[in-house]
2 protein chains.
Amino acid sequence: MPVTLKDVANRAGVSTSAVSRTFTDGASVSEKMRIKVETAASELGYAPNALASSLTTGRTKLIGLVSNNFHNPIFLEVFDLFTRKLQDRGLRPLLMNLSGEPDAVTAVRRLQQYSVDGVIVASSTLSPEFSKAFRDAGVPVVNSFGRFSTEPEVHVVGVDNSECGRMAGRELVRRGYTSVGLLGGPETATSTQDRFRGFSQELAKHPEITYSHTFASDYSFDAGRAEMQRLIARGNLAEAYFCGDDVLSIGALSALADAGLNVPDDIGIIGFNDMEMARWQNFNLSTIGQPIAQIIQASVELIVDMLDEPERAPEVRLFPCKMVERGTLRPLQ
Amino acid sequence: MPVTLKDVANRAGVSTSAVSRTFTDGASVSEKMRIKVETAASELGYAPNALASSLTTGRTKLIGLVSNNFHNPIFLEVFDLFTRKLQDRGLRPLLMNLSGEPDAVTAVRRLQQYSVDGVIVASSTLSPEFSKAFRDAGVPVVNSFGRFSTEPEVHVVGVDNSECGRMAGRELVRRGYTSVGLLGGPETATSTQDRFRGFSQELAKHPEITYSHTFASDYSFDAGRAEMQRLIARGNLAEAYFCGDDVLSIGALSALADAGLNVPDDIGIIGFNDMEMARWQNFNLSTIGQPIAQIIQASVELIVDMLDEPERAPEVRLFPCKMVERGTLRPLQ
DNA sequence: CGTTAGTCTGCATCCGGTTGCAAAACCGAC
DNA sequence: GTCGGTTTTGCAACCGGATGCAGACTAACG
């Protein structure tokens with residue numbers, strides 16, 4: 001039903017090649033021809049079929065956007081930025097929700113069926129193996145928010161999570177807390193492990209500070225709340241906690257409020273991510289911010305570069321996170 | 001580079017048609033042939049190219065998912081459900097973020113270039129004209145969370161927003177408030193207008209109750225907070241407010257807390273949407289819930305039906321919203 | 001065992017575009 | 001006007017796969 005190349009060619013009284021060429025830039029077309037074709041095209045309302053052309057060019061301009069995290073509000077920001085940045089470059093995101101089917105092989109298959117030009121895996125909890133499955137299938141892939149490695153097998157863009165952990169540790173030390181805890185995300189997530197490691201390293205430098213750790217079952221409000229409730233019930237709370245994520249912190253905050261504990265007077269909380277919500281005055285959460293806009297910008301640039309240079313050696317681009325001071329830690333003395 | 005039909009045909013020593021047929025169900029293939037082809041295919045790791053086949057079948061199984069709302073947390077739930085439901089039916093969502101380019105014509109063009117089989121417009125703020133642009137272009141379209149009309153020009157799935165407004169009104173009346181206010185979303189959004197109308201209708205039945213209304217600039221935390229701050233500064237607050245959205249309510253809540261006002265003792269708040277966050281104990285927000293899972297399920301079913309029956313007469317499917325009682329309204333006496 | 005009806009299979013063409021190649025048109029210089 | 005060199009143009013083949021059609025094959029029946 002839609003207008004095709006041939007329709008335009010007939011109308012303009014020229015060959016289909018001529019029409020095709022006026023729509024591919026860099027092709028040799030005379031000014032006269034271009035005008036003839038363009039008027040015919042606009043009279044007919046013609047727009048080239050991207051999928052058909054992909055058959056010969058090998059480019060669909062489709063980018064698979066894969067994620068398994070559709071509950072953490074930070075991901076709304078992530079999707080917003082990714083879709084816009086991709087659109088700006090004339091690419092279209094093909095969304096894949098992995099909550100249902102976390103099987104790498106079928107995921108790769110599915111996206112390959114649509115001949116995506118590249119894939120962005122946006123997740124801090126998926127294992128690196130997952131991204132590797134795409135690379136092995138010959139699909140350019142960037143792992144955003146993924147785990148940093150000195151010998152990366154796929155492109156990784158994100159923050160140095162263990163450095164973030166150290167930063168959180170330093171901040172709590174600086175504030176003079178004498179007992180601190182880590183309330184991490186799911187223990188299996190690589191991001192949790194890394195932040196945990198960094199945090200521990202930093203605390204190990206201060207043997208005078210009591211240090212404990214515990215993991216929530218999930219990066220979610222409920223998990224944060226439940227875990228903090230457990231800690232409260234068990235008694236001997238630390239003076240401050242580093243929570244592996246802002247929603248986790250917010251869950252913890254709710255448990256503390258229920259227990260009649262005041263933040264930051266009775267207990268300090270520092271979160272992670274600096275999601276939009278963290279600055280809401282109801283929470284006013286001190287947290288460690290990831291530069292998500294930069295991460296996403298870099299991810300898109302990387303995937304775009306890989307379209308022309310698929311064999312490019314895997315690269316790691318890490319951005320510094322930064323401490324965002326608000327109201328859930330005791331003031332510096 | 002990827003394996004093609006021809007490769008499989010060569011390997012199996014059969015014609016390409018045979019291979020094609022074993023991969024299209026309903027086609028006539030003998031058992032022997034099927035086995036021969038399937039082994040060859042799996043040895044080679046062949047998966048049919050969905051885009052190439054779309055050329056002849058006219059089906060891409062691509063569904064455009066269009067939205068302009070990437071800030072309201074409810075949309076994370078919406079995207080999650082849409083992507084899953086679509087995936088379950090073998091469809092792939094092609095995401096389009098309209099924050100950048102709210103121009104209907106180019107949006108239609110862009111999606112047509114990818115020959116999407118259908119489009120779901122998920123927005124309560126886009127004008128109905130927007131969805132109509134797709135219909136006019138011959139693309140099946142469903143407007144989810146859209147405006148209800150007795151003579152729909154496109155399929156609409158959602159709630160009856162004016163009935164929701166009435167429900168909120170009834171609830172506040174029932175609780176014995178003698179002065180109430182509406183703190184709506186952006187005045188231009190159809191959803192705001194409808195909820196406003198319903199709410200006003202209900203209040204009109206009770207002339208003894210003082211009633212006022214005001215609109216926030218946006219369905220966002222900041223807008224809700226700012227608007228409530230304005231109301232507080234102006235003096236003579238109503239005893240309870242119906243906020244056009246949960247984040248708006250949460251913004252309002254933060255302004256009230258700052259002003260030292262207690263909810264629900266000093267003032268009542270009822271929100272709208274029942275997003276995940278509403279039940280977080282920090283907020284414990286009484287609200288009117290939209291059955292988003294049902295809405296999305298119905299939207300997907302509708303779009304699937306339209307694939308086979310594109311000329312199907314526009315239909316409206318409305319689901320009842322329901323009052324979710326939590327802690328931000330005074331108890332019934 | 002010969003027929004006949006029904007089932008499979010391969011050929012060829014087409015879907016909407018792209019592109020290498022060679023012929024045609026153009027251009028300026030002589 | 002002719003010539004040589006550039007552009008521009010159309011032809012035809014191809015991208016990966018679907019499908020109508022006719023011939024080949026199979027099975028059932030008399």
Side-chain angles (χ1 to χ4, degrees), chain A residues 1-38 40-41 44-62 90 109-117 138-139, chain B residues 1-38 40-41 44-62 109-117 138:
Chain A
M1 195 61 34
V3 190
T4 75
L5 198 63
K6 214 171 292 173
D7 300 328
V8 179
N10 285 340
R11 171 122 190 173
V14 300
S15 74
T16 59
S17 340
V19 180
S20 171
R21 283 195 253 266
T22 63
F23 282 94
T24 50
D25 37 30
S28 145
V29 199
S30 70
E31 200 49 32
K32 219 187 298 179
M33 174 67 87
R34 150 155 285 119
I35 291 172
K36 216 175 355 172
V37 170
E38 278 177 351
L44 263 42
Y46 169 74
N49 180 327
L51 268 22
S53 68
S54 82
L55 261 191
T56 38
T57 60
R59 292 285 176 86
T60 55
K61 299 191 162 214
L62 247 28
R109 264 280 195 351
R110 294 270 173 85
L111 285 177
Q112 267 193 313
Q113 290 208 326
Y114 284 88
S115 338
V116 294
D117 288 346
V139 181
Chain B
M1 198 60 34
V3 190
T4 74
L5 199 63
K6 214 173 290 174
D7 300 329
V8 179
N10 285 339
R11 171 119 189 175
V14 300
S15 73
T16 59
S17 340
V19 181
S20 172
R21 284 195 252 266
T22 63
F23 281 95
T24 48
D25 35 32
S28 144
V29 201
S30 70
E31 201 48 31
K32 220 188 294 180
M33 173 68 84
R34 152 157 281 122
I35 291 172
K36 219 177 353 175
V37 170
E38 278 176 353
L44 263 43
Y46 168 75
N49 180 326
L51 269 22
S53 68
S54 83
L55 261 190
T56 38
T57 60
R59 292 283 177 87
T60 55
K61 299 191 163 215
L62 247 30
R109 263 279 194 355
R110 295 271 173 86
L111 285 177
Q112 268 194 312
Q113 291 207 326
Y114 284 89
S115 339
V116 293
D117 288 345

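From a predicted model like this one, the values you see are computed outputs, not experimental measurements.
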Rounded to whole Å, please give me the gap between CE in A/Met33 and C1' in D/dT7.
12 Å

Round to the nearest Å and state the distance from A/Leu5 atom CG to C/dC14 atom C1'.
15 Å

Which whole-number value in Å describes the distance from B/Lys6 NZ to D/dG17 C1'?
10 Å

With 3.5 Å as the limit, what N/O pairs link the protein to nucleotides 19-28 of chain C?
unit_1, atom_1, unit_2, atom_2, d
C/dT19, O4, A/Ser17, OG, 3.4

Starting at CG of A/Leu44 and ending at P of C/dG16, how long is that distance when rounded to a whole Å?
14 Å

Using whole Å, report how far CG of A/Asn49 lies from C1' of C/dC14.
15 Å

Side-chain contact test, heavy atoms from C-beta onward, threshold under 4.5 Å: evaluate it for A/Leu111 versus A/Val139 and give yes or no.
no

What is the distance, to the nearest angstrom, from the CD atom on A/Glu31 to the C1' atom on D/dT9?
16 Å

The reported gap from CG in A/Leu5 to CZ in A/Phe23 (rounded to nearest 0.5 angstrom) is 8.5 Å

Output yes when a side-chain donor or acceptor of A/Asp7 lies under 3.5 Å from a complementary backbone atom of A/Thr4, and no otherwise.
yes

D/dC11, C/dG10, D/dT8: which one has an atom nearest the side-chain heavy atoms of A/Ser15?
D/dC11

Tell me: CG of B/Leu55 to P of C/dG16, nearest whole Å?
7 Å

Without decimals, in angstroms, what is the distance between B/Asp25 CG and D/dT19 P?
11 Å

